A.B. asks: 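One structure, pasted below without further comment.
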Number of protein chains: 2
Amino acid sequence: MIRLSRKSDYGLVALKALRGLEPGDALSARELAAQLGLPGDMTPKVLARLAQAGLVESSMGKAGGYRLARAAGDISVAEVVRVLDGEPGLAPCREGILECNRIETCDIKHPLDNLHQEVMRVLQGMSIAQL
Amino acid sequence: MIRLSRKSDYGLVALKALRGLEPGDALSARELAAQLGLPGDMTPKVLARLAQAGLVESSMGKAGGYRLARAAGDISVAEVVRVLDGEPGLAPCREGILECNRIETCDIKHPLDNLHQEVMRVLQGMSIAQL
DNA sequence: CCAACTGCGACCGTTCTAGTCCGAGTTTAG
DNA sequence: CTAAACTCGGACTAGAACGGTCGCAGTTGG
């Protein structure tokens, strides 16, 4: 609960390493992994997802690698988490399998949603630049 | 991520049902389960943990059951979650197994902790009475 | 004494996650 | 044109966490 998966953790660290890179440069997944001490084959996966979400750009080929697609200040923690961990969702009563109670749609759903939005607002307020 | 386990969910719903109970009364786990549509044998477990944490009181015997140990306004969501899901902890880099990086103690740990505190502050600010 | 309840621990099955492996496509260097 | 270095994407395995169930011991009220 309120716990980042390792993917999100790795993603944040990687993005942090990627900021402060010269405009033309790029870092390969392998370099990042070695430099940050991340598990070798996990890093490409994380970066790939970030790339297809448009948070980083990738260049193929021999001197390829990754670089931030936007300014570090324009990438929020919330966005990274959403990409790597999927859309959050406070309670698991949405799969349609369970109906919780039949009384309305869960007594506590509404206030819990407010809570969730507040939490997301906090995550939204922090950018990669501030790490 | 930012996701309540079902235990916490059940706990919150149960506490909500327990508030608005006459001072002398008590609800048995079975009654609560039936009334809320929770899985039968899960409810005693959740309530037992809440009881040993001092959030609810239990009375044994034939007419036994559970009731709130404090006013609903004095029980925060954060407390319930902590009891049922364990102490949160934003990132899983504490087990001592991994050292993340050797550079200091994780570049992003500090700002992430701030974030975590803010989230907890949000949870702390909402009580059972407000559900 | 009996019935109904809590309390607590042990026990499975399932699901999610971390992590690894492998093949295919792409670009640059020589 | 060939080879090397890199990204891309899916498939696959192992392990942990979680939800859920069962059974027994202790306790209280009729």
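No experiment lies behind these values; they were computed from the predicted model shown.
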A.B. asks: Give the rounded distance in Å between these two atoms: OH of B/Tyr10 and P of D/dC18.
C.D. replies: 14 Å
A.B. asks: To the nearest Å, how far apart are B/Asp25 CG and C/dC5 C1'?
C.D. replies: 15 Å
A.B. asks: Nearest 0.5 Å, please: how far is CD in A/Glu118 from CZ in A/Arg121?
C.D. replies: 5.5 Å
A.B. asks: Does a side-chain N or O of A/Arg6 approach OP1 or OP2 of C/dT17 to a distance below 4.0 Å, or not?
C.D. replies: no
A.B. asks: So, OP1 or OP2 of D/dT7: does either fall under 4.0 Å of a side-chain N or O from A/Gln52?
C.D. replies: no
A.B. asks: Please report the distance, rounded to the nearest Å, between OH in A/Tyr66 and C1' in C/dT26.
C.D. replies: 13 Å
A.B. asks: Rounded to whole Å, please give me the gap between CD in A/Glu57 and C1' in D/dT7.
C.D. replies: 14 Å
A.B. asks: Between D/dC8 and A/Ser58, is there an OP1 or OP2 to side-chain N/O distance shorter than 4.0 Å?
C.D. replies: yes
A.B. asks: Hey, is B/Glu79 close enough to B/Arg70 for a salt bridge, meaning N to O under 4.0 Å?
C.D. replies: yes
A.B. asks: Which letter, B, S or -, goes with each nucleotide of nucleotides 22-30 of chain D from 5' to 3', with contact meaning a protein heavy atom under 4.0 Å?
C.D. replies: S----BBS-
A.B. asks: Give a yes or no on whether B/Leu36 and B/Val77 share a hydrophobic cluster (residues Ile, Leu, Val, Met, Phe, Trp, Tyr; joining criterion: side-chain heavy atoms under 4.5 Å apart).
C.D. replies: yes
A.B. asks: Compare side-chain N and O positions of A/Ser5 against OP1 and OP2 of C/dA18 and report whether any pair is under 4.0 Å apart.
C.D. replies: yes
A.B. asks: Do the side chains of A/Met60 and A/Leu55 join up, straight or via other hydrophobic residues, at under 4.5 Å, putting them in one cluster?
C.D. replies: no
A.B. asks: Looking at A/Arg30, does any N or O in its side chain come under 4.0 Å of the phosphate oxygens OP1/OP2 on D/dA5?
C.D. replies: no
A.B. asks: Test A/Leu18 against every option in A/Ile75, A/Val56, A/Val13, A/Ile128 by the side-chain contact (heavy atoms from CB on, under 4.5 Å) rule and name the one that passes.
C.D. replies: A/Val56
A.B. asks: Which is true for A/Pro44 with a 4.0 Å heavy-atom rule: it touches a base, it touches only sugar-phosphate, or it touches nothing?
C.D. replies: nothing
A.B. asks: Could you tell me how far apart B/Leu38 (CG) and D/dG20 (P) are, to the nearest whole angstrom?
C.D. replies: 9 Å
A.B. asks: When the distance from CE of A/Met42 to P of C/dT20 is rounded to whole Å, what number comes out?
C.D. replies: 9 Å
A.B. asks: Specify the closest pair of heavy atoms between A/Ala33 and A/Thr43, including all atoms of both residues, with the distance to one decimal.
C.D. replies: CB-OG1, 3.4 Å
A.B. asks: Provide, to the nearest angstrom, the distance between the NZ atom belonging to A/Lys7 and the C1' atom belonging to C/dG19.
C.D. replies: 10 Å
A.B. asks: Rounded to the Å, how far apart are A/Leu47 CG and D/dC8 P?
C.D. replies: 9 Å
